Peer 1: 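I am attaching a structure below and will ask some questions about it afterwards.
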Amino acid sequence: MRVEMSGSKIARDLLAHYDVHARRLPWRAPPGANAADPYHVWLSEVMLQQTTVAAVGPYFEKFTVRWPTVEDLAASADADLMAAWAGLGYYARARNLLACARAVVADHGGRFPDTEDALRALPGLGAYTAAAVAAIAFGQRAVVVDANVERVVARLFAIATPLPAARPEIRAAADSITPDLRAGDFAQAMMDLGATICTARNPACGICPLRQDCAAVRTADPAAFPVKAPKKAKPHRLGHAWWIERSDGQVWLVRRPDKGLLGGMRALPSSDWNAAPDATPPFVAQWQTIDPPVAHVFTHFSLALSVHTTHVGLDHVPAGAGEWWPRDRIGEAGLPTLFARAADAAMKEMTDDARN
DNA sequence: TAGACGTGGCA
DNA sequence: TTGCCAAGTCT
């Protein structure tokens, strides 16, 4: 018989703290309730990838009201799902979300598999999410390592190897403190700790339940862990977008190719992101260029998007595939943020224009 | 395996 | 203003 049923001293200290201080989040089972719904756990985990709790909240609410079960989600039209995801970013997640829901229905009878390996085989579930769902929704012992856990573990063990080289070392250390029981609570407790106390900047070591267990708190600068490799500078790029407004108040929208930036999303017609300052418009007309361009920052480059507007008659036939969309209902088109801003700028310009 | 892939908040 | 950061995955 094991002496410590709940694993390491670290796990015991952390779980005791979690029992009192766990954050109440919409996708978590309330205290004392049965395990959380695997559909809710999966949906929230995907939404939370590289995304803050605050940003996810309204989207999780909207999705669970509109699609109460994984079967409902699997039956949704692609365009509806993509539009509902608009604004949350990393749109490959939305495409994979639908593919995963459909795989769960088609291959697993509408129930999520309960092992880490089977979960890992589903679209959009990588090492982290498969472990998190296995642990949180199904109570399996799984080593759940996200950026919070990396930070907490790097500090607990004062791991000086820089990321990403430190990953194997950090994972082994996380494994060593993960309990056999309550692995899901342990994972969530580690993430709560990372989000509220063991934060990236200005960690609150004074109130940390693990300060007695922590190697970094005994160093000059606990916040210096984890050590990170320097980042490369992000390039600046230029693009053009065209706001084509018909005399009946409708605007020409296109759908972007499934792969690549903002893949599968509705958008304004646009150039690529390595454009020359002077673009060739899609057709000859009187174009107004909005000044200044829309500035937007992506993960790997920043963009100055020059927006050009024109009016066309009812007889105008744009080249290529697309659809006319009422400008008054542009908010319902599900434009990603970049194009939503371009649309705002264009509509403001058109209004000012009409006034003069 | 390193780069592609969004967005908003904060210092 | 700029850079960092937030429950990563895919290729």
Side-chain angles (χ1 to χ4, degrees), chain A residues 23 25-28 36 40-60 82 85-97 99-100 119-137 142-152 163-165 167 171 174 184 186-196 198-203 223 226 228-237 256-265 267 273 294-303 305 334-341:
Chain A
R23 287 183 293 173
L25 300 171
W27 42 88
R28 282 186 182 170
H40 287 180
V41 174
W42 162 73
L43 179 61
S44 65
E45 288 300 340
V46 173
M47 288 182 165
L48 286 161
Q49 290 167 6
Q50 300 286 283
T51 308
T52 58
V53 166
V56 165
Y59 284 86
F60 180 81
M82 298 307 289
W85 195 276
L88 199 51
Y90 282 139
Y91 299 99
R93 293 184 296 172
R95 301 193 294 275
N96 286 328
L97 194 78
C100 180
L119 288 161
R120 179 69 180 82
L122 292 167
L125 280 86
Y128 162 75
T129 306
V133 175
I136 297 168
V143 182
V144 181
V145 183
D146 74 326
N148 286 303
V149 176
E150 279 185 353
R151 184 170 60 254
V152 172
L163 286 171
R167 294 251 152 80
R171 184 183 177 76
F186 177 76
Q188 294 178 94
M190 289 285 278
M191 293 189 277
D192 275 15
L193 189 73
T196 61
C198 194
T199 51
R201 288 175 290 221
N202 302 314
K228 296 190 176 181
K231 298 192 175 176
K232 294 180 179 175
K234 58 177 62 165
H236 300 283
R237 294 185 180 168
R256 296 178 58 78
D258 275 331
K259 298 211 170 190
L261 194 73
L262 310 176
M265 301 300 287
W273 312 129
V294 173
H296 195 75
V297 181
F298 295 105
T299 306
H300 51 301
F301 67 95
S302 57
L303 177 70
L305 184 68
L335 295 175
T337 300
L338 168 66
F339 288 108
R341 288 184 181 160

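Remember, predicted model here, so these are calculated numbers, not experimental data. Convention: sequence-line order gives letters A, B, ...; per-chain numbering from 1.
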Peer 1: With heavy atoms under 4.0 Å as the rule, sort A:Pro164 into base, sugar-phosphate or nothing.
Peer 2: nothing

Peer 1: Using a 4.0 Å heavy-atom cut-off, does A:Leu97 contact any base of the nucleic acid, only the sugar-phosphate backbone, or nothing at all?
Peer 2: nothing

Peer 1: Report yes or no: is there a donor-acceptor pair, N or O only, under 3.5 Å between the side chain of A:Thr129 and the base of C:dG8?
Peer 2: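 Absent.
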
Peer 1: Reading DNA chain C from 5' onward, which residue's closest nucleotide shows up sooner: A:Val53 or A:Arg120?
Peer 2: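 Its nearest nucleotide lies further toward 5', so the answer is A:Val53.
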
Peer 1: Using the C1' atom on both, measure B:dA2 against C:dA7 and round to a whole Å.
Peer 2: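 Result for the C1' pair: 23 Å, nearest Å.
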
Peer 1: Would you kindly give the CZ-to-C1' distance between A:Phe339 and B:dT7, to the nearest whole Å?
Peer 2: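 Atom CZ in A:Phe339 sits about 15 Å away from atom C1' in B:dT7.
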
Peer 1: Does A:Thr337 make a side-chain N or O approach to OP1 or OP2 of B:dG8 shorter than 4.0 Å?
Peer 2: yes

Peer 1: Are the side chain of A:Ser44 and the backbone N or O of A:Val41 linked by a donor-acceptor pair below 3.5 Å?
Peer 2: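 Side chain of A:Ser44 to backbone of A:Val41, a donor-acceptor pair under 3.5 Å: yes, one is there.
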
Peer 1: Would you classify A:Gly194 as touching base, sugar-phosphate or nothing, given that sugar-phosphate means primed atoms plus P, OP1 and OP2, and contacts are heavy atoms under 4.0 Å?
Peer 2: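 Since no nucleic acid heavy atom lies under 4.0 Å of A:Gly194, the category is nothing.
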
Peer 1: Starting from P on B:dC5, measure out to CD on A:Gln50 and report it in whole angstrom.
Peer 2: 15 Å

Peer 1: Can you label the angle between the A:Trp27 ring and the A:Phe60 ring as parallel, tilted or perpendicular, going by 30° and 60°?
Peer 2: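 Aromatic pair A:Trp27/A:Phe60 classed perpendicular.
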
Peer 1: Is any side-chain N or O of A:His300 closer than 4.0 Å to OP1 or OP2 of B:dA4?
Peer 2: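 False: A:His300 side-chain N/O out of range (4.0 Å or more) of B:dA4 OP1/OP2.
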
Peer 1: Regarding A:Asn96 and A:Arg93, is there a side-chain donor-to-acceptor distance under 3.5 Å anywhere?
Peer 2: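 Side-chain D/A pair, A:Asn96 to A:Arg93: absent.
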
Peer 1: Between B:dT7, C:dG8, C:dC4, spot the one nearest the side chain of A:Tyr90, thanks.
Peer 2: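 Shortest atom-to-atom distance from the side chain points to C:dG8.
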
Peer 1: With rounding to the closest Å, how many angstrom separate the P atoms on B:dG3 and C:dC4?
Peer 2: 15 Å

Peer 1: Taking atom types as they are modelled, is there a donor-acceptor pair under 3.5 Å from the base of B:dG6 to the side chain of A:Thr51?
Peer 2: yes

Peer 1: Taking CZ from A:Phe298 and C1' from C:dT2, how many angstroms apart are they, rounded to a whole number?
Peer 2: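 From A:Phe298 CZ to C:dT2 C1': 17 Å.
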
Peer 1: State whether the distance check finds a donor on one side and an acceptor on the other, under 3.5 Å, for side chain A:Tyr128 versus base C:dG8.
Peer 2: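 Such a pair does not exist between side chain and base.
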
Peer 1: Any chance the rings of A:His296 and A:Phe298 have centres within less than 6.0 Å?
Peer 2: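 Under 6.0 Å, so yes.
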
Peer 1: For A:Leu338 and for A:Asn202, find the nucleotide of DNA chain B with the closest heavy atom, then tell me which residue's nucleotide is more 5'.
Peer 2: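 Closest to the 5' end, via its nearest nucleotide, is A:Leu338.
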
Peer 1: With sugar-phosphate meaning primed atoms plus P, OP1 and OP2, does A:Lys232 contact a base, only sugar-phosphate, or nothing at under 4.0 Å between heavy atoms?
Peer 2: sugar-phosphate

Peer 1: What integer number of Å spans the C1' atoms of C:dC5 and B:dG6?
Peer 2: 13 Å

Peer 1: Atom CZ of A:Phe301 and atom CZ of A:Arg237: how far apart are they, to the nearest 0.5 Å?
Peer 2: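 A:Phe301 atom CZ to A:Arg237 atom CZ measures 5.0 Å (nearest 0.5 Å).
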
Peer 1: Run the side chain to side chain contact (heavy atoms under 4.5 Å, CB included) check on A:Arg23 and A:Gln188 step by step: do they pass?
Peer 2: CA-CA 9 Å; A:Arg23 287 183 293 173; A:Gln188 294 178 94; over 6 Å; no

Peer 1: What is the nucleic acid contact for A:Trp27, judged by heavy atoms within less than 4.0 Å: base, sugar-phosphate only, or nothing?
Peer 2: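 Touches a base.
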
Peer 1: Would you say the side chains of A:Tyr128 and A:Glu45 form a donor-acceptor pair under 3.5 Å?
Peer 2: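 Looking only at side-chain atoms, A:Glu45 and A:Tyr128 do form a donor-acceptor pair, the distance falling under 3.5 Å.
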
Peer 1: Once you apply a heavy-atom cut-off of 4.0 Å, does A:Val56 come out as touching a base, just sugar-phosphate, or nothing?
Peer 2: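 No contact.
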
Peer 1: Using a 4.0 Å heavy-atom cut-off, does A:Ala127 contact any base of the nucleic acid, only the sugar-phosphate backbone, or nothing at all?
Peer 2: sugar-phosphate

Peer 1: Using only side-chain N and O atoms of A:Gln49, determine if any of them is under 4.0 Å from OP1 or OP2 of C:dG8.
Peer 2: no

Peer 1: Quick one: is B:dT7 close enough that its OP1 or OP2 comes under 4.0 Å of any side-chain N or O from A:His296?
Peer 2: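 Checking B:dT7 against A:His296, a side-chain N or O does come within under 4.0 Å of OP1 or OP2.
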
Peer 1: Under 4.0 angstrom, heavy atoms only, what part of the nucleic acid is A:Ala132 near: base, sugar-phosphate, or nothing?
Peer 2: nothing

Peer 1: To the nearest 0.5 angstrom, please state how far the CG atom of A:Leu25 sits from the NE2 atom of A:His40.
Peer 2: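 Rounded to the nearest 0.5 Å, the CG-NE2 separation comes to 14.0 Å.
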
Peer 1: On a whole-Å scale, what distance lies between the C1' atoms belonging to B:dC5 and C:dA6?
Peer 2: 15 Å

Peer 1: Tell me what A:Ala147 touches on the nucleic acid: a base, only sugar-phosphate, or nothing, going by heavy atoms under 4.0 Å.
Peer 2: sugar-phosphate

Peer 1: Whether A:Arg151 contacts C:dA6 is assessed here as follows: a side-chain N or O lying under 4.0 Å from the phosphate OP1 or OP2. Is that the case?
Peer 2: yes

Peer 1: Measure NZ/A:Lys234 against C1'/B:dG3 and give the value in whole Å, please.
Peer 2: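 Taking NZ of A:Lys234 and C1' of B:dG3, I get 13 Å after rounding.
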
Peer 1: Write down the distance between CH2 (A:Trp273) and P (B:dG6), rounded to a whole number of angstrom.
Peer 2: 11 Å

Peer 1: Let's see if you can work this out: which of C:dA7, B:dT7, C:dC5 has an atom nearest to the side-chain heavy atoms of A:Arg23?
Peer 2: C:dA7

Peer 1: Using a heavy-atom cut-off of under 4.0 Å over every strand shown, decide if A:Gly87 touches base, sugar-phosphate, or nothing.
Peer 2: sugar-phosphate

Peer 1: For the base of B:dA4, is there a side-chain donor-acceptor partner from A:Arg237 under 3.5 Å away?
Peer 2: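 No, the side chain and the base share no sub-3.5 Å donor-acceptor pair.
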
Peer 1: Could you check how far CE of A:Met191 sits from P of C:dG8, rounded to whole Å?
Peer 2: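 My rounded result for the distance is 9 Å.
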
Peer 1: C:dC5 C1' sits how many Å from A:Lys231 NZ, rounded?
Peer 2: 7 Å

Peer 1: So, is A:Arg167 near the phosphate of C:dG8, with a side-chain N or O under 4.0 Å from OP1 or OP2?
Peer 2: no

Peer 1: Picking from C:dA7, B:dT7, B:dC10, which would you name as closest to the side chain of A:Asn148?
Peer 2: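 Closest nucleotide among those given: C:dA7.
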
Peer 1: Measure from the side-chain heavy atoms of A:Arg341 and tell me the nearest of C:dC5, B:dG8, C:dA6.
Peer 2: B:dG8

Peer 1: Round to a whole Å and report the spacing from CZ of A:Phe60 to P of C:dA7.
Peer 2: 18 Å

